[in-house]
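Okay, so here's the structure we're looking at.
For ligands, and for the atoms within them, numbers begin at 1 and follow the listed sequence. Predicted model, so just to flag it, every value in this text is computed and none were measured.
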Amino acid sequence: MTNHLIDLLRSRQPDLSRPFAEAPDGTVYTYADLERRSAQYANALIALGLAPGDRVALQVEKSLEAIFAYLGTVRAGGVFLPLNTAYTAPEVAYFLRDAVPAVFVCDPASLPTLAPVAAAAGVGSVLTLDAQGRGSLAQAADAAPTTFADVPRAADDLAALLYTSGTTGRSKGAMLTHGNLASNAFALVETWRFTADDVLIHALPIFHTHGLFVATNVTLAAGASMIFLAKFDPDGILKLMGRASVLMGVPTFYVRLLKSPVLTPAAAAGMRLFISGSAPLLAETHREWSARTGHAILERYGMTETGMNTSNPYAGARLAGTVGLPLPGVSVRVVDPVNGRELIIGAIGMIEVKGPNVFTGYWRMPEKTAAEFHDGWFVTGDLGRIDAAGYVQIVGRGKDLVISGGFNVYPKEVEGEIDALDGVIESAVIGVPHADFGEGVTAVVVARPGAGLDEACVLAALEGRLARYKCPKRVFFVDDLPRNTMGKVQKNLLREQYREIYA
Ligand code: ATP
Ligand code: MG
């Protein structure tokens, strides 16, 4: 037996002297460096007592050393568990108690706070790694041998335990296998036509499926290279476009890049592909980007539990407001959330997926796992429809559906009408407890400064455009919608904020 994920990621490895990644300080790491450095991390972890299947949890700033530690963990037969850098000590305590990792790595500055937290959770070893890739873990790697015989792992062995973003409730640990990660990486290489000549601008966090698995594994699977940025920086990205070929971003990247006058067709001329995901891309952003750069953003859809499920096509039409077609090997269907029956083309229902990308279950939550699978299909929690050409359109999360007076109101439809009004930048429609209607449709709107919009004019503009039961009962104006680091609008915070308006 071999190490399934590592062997497959190596299968198109280029000449070892070719670059794998350029660090923020300009240092270039070749594929040979990647092999050596990940071997050192694997050796260091084994020396700490890591056994196959043990979790290695990290809450560290973004660095290439953290990427080498990820690959070292997988080579050593471990299960990689990255944690959002924004989590506070009590949150980290929850994850450590839940996942019981053998090793926990944190920023040296957090060590005084987190070492006792880790000890209380029963974690064996606590080490450090900082934003420059220095710390006791890196030192242990420095001292370790540069070659390593990969620990054998099969396709159905775990490679990662990745917690969901916690947008709709407490984060759940998704158990991802070697086979899940490998199959998804190659499906994306094929769909997005990645080759060894590609240079990816990597500006995403690496504690999430997007920056860790989509960006990094696709680069490795294609034998390509990446320019690794510490964080999203629009000016830095605009400067790099001349020597890169692909950008992967969340929608807010594109919104912010559009604000720069430097974004012109000439600036983007050398780029091959702009990809967006993790949150809905406004059709308006898609159109503006095409007008400003001549490139149609390619939107795709995925989640922690499944990796990527659908993508707009590379060669065919990239339709704004859709997430495209199922990836090779992945099946997508839409069912009636009440009776579970598959729906006809165009009807809105629950999106379910099946394929080699789908995780094996939630860590230590067998009931939750059982509840989210339906006849072997994973119930995504997202509502959507599939058109006659097979394009999937997401209309929102099941948990965000508003039921007002017994009628289903899909927030996306109402948001679309509001966003189309002059002077509106964006909006979020939520359901708020209402004594008569159960839930009252409520709009939270970000208007352009000086647009002169008020509640009455938004309500008047919607009258006649939307059935009465879909029209908001109240409209509120805010400067910004609350978003998490992946650019997801946190509707739970809005629901909380406006909880008592109809009381
Ligand atoms: P939790 O499951 O803990 O509530 P989460 O669902 O936000 O958090 P992730 O796994 O990071 O955690 O996000 C997956 C979700 O992101 C999808 O279920 C979907 O709702 C949303 N999403 C991802 N890509 C897109 C997209 N292109 N368009 C619309 N929504 C998207
Ligand atoms: Mg989710």
Side-chain angles (χ1 to χ4, degrees), residues 82-84 86-87 91 94-95 98 160-176 180 184 188 204-214 248-254 274-283 285-286 297-312 318-327 330 332 350-353 357-359 362-363 365 368-369 371-372 378-385 391-401 410-412 415-416 426 428 482-493 495:
L83 291 170
N84 191 322
Y87 289 146
E91 288 167 323
Y94 163 76
F95 292 111
D98 191 48
L161 181 58
L162 197 58
Y163 282 83
T164 61
S165 296
T167 311
T168 58
R170 181 147 244 184
S171 299
K172 300 142 281 181
M175 297 191 284
L176 295 162
N180 292 150
N184 211 228
L188 295 174
L204 294 157
I206 54 169
F207 51 71
H208 187 264
T209 187
H210 197 168
L212 185 63
F213 299 137
V214 183
M248 291 183 191
V250 295
T252 27
F253 280 23
Y254 294 100
F274 292 95
I275 303 172
S276 175
S278 289
L281 181 78
L282 291 178
T285 310
H286 192 282
I297 296 175
L298 183 153
E299 185 172 7
R300 90 316 177 264
Y301 159 64
M303 51 203 305
T304 308
E305 294 93 330
T306 62
M308 302 304 104
N309 294 310
T310 70
S311 170
N312 270 279
R318 300 179 193 166
L319 299 182
T322 82
V323 293
L325 308 160
L327 291 174
V330 179
V332 179
M350 179 58 70
I351 298 175
E352 297 186 342
V353 299
N357 56 319
V358 175
F359 74 141
Y362 293 112
W363 174 256
M365 293 172 106
K368 173 88 185 153
T369 303
E372 304 301 331
F378 174 58
V379 184
T380 62
D382 293 313
L383 297 172
R385 60 167 85 120
Y391 281 72
V392 177
Q393 190 191 2
I394 296 174
V395 302
R397 294 173 184 262
K399 286 192 175 169
D400 291 336
L401 175 73
Y410 298 103
K412 182 109 188 238
E415 289 159 5
E426 59 175 343
R483 283 196 153 82
N484 68 13
T485 36
M486 297 310 294
K488 295 170 194 281
V489 175
Q490 294 178 293
K491 289 195 170 180
N492 52 338
L493 297 184
R495 279 190 287 262

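At least one heavy atom of Arg300 sits under 4.0 Å from some atom of ligand 1. Within the 4.0 Å heavy-atom cutoff, Gly381 does not count among the residues contacting ligand 1. Taking 4.0 Å as the cut-off, Met486 does not count as a neighbour of ligand 1 on heavy-atom distance. Between His210 and ligand 1 there is no heavy-atom distance shorter than 4.0 Å.
Residues Met248 and Phe253 fail the side-chain proximity criterion, which asks for heavy atoms closer than 4.5 Å.
If you check which protein heavy atom lies closest to atom 2 (O) of ligand 1, you get Lys172 NZ, 3.2 Å. Closest to atom 4 (O) of ligand 1, if we only count protein heavy atoms, is Thr168 OG1, 2.4 Å.
Between the CZ atom in Arg318 and the OG atom in Ser311 there is a gap of 8.5 Å [rounded to 0.5 Å].
Between Lys368 and Glu305 no salt bridge is recorded (no basic side-chain N to carboxylate O distance below 4.0 Å).
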Self-check item: Chi angles and distances behind the ring-ring contact (aromatic ring centres under 6.0 Å, His included) call for Phe378, Phe359
Solution: CA-CA 9 Å; Phe378 174 58; Phe359 74 141; 5.0 Å; yes

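The proximity of Ser276 to ligand 1, defined as any non-hydrogen pair under 4.0 Å, does not occur for either the backbone or the side chain. Contacts of Ser165 with ligand 1, taken as heavy-atom pairs under 4.0 Å, involve both backbone and side chain.
Side-chain N or O atoms of Asn312 include one that pairs as donor or acceptor with a backbone N or O of Thr322 at under 3.5 Å.
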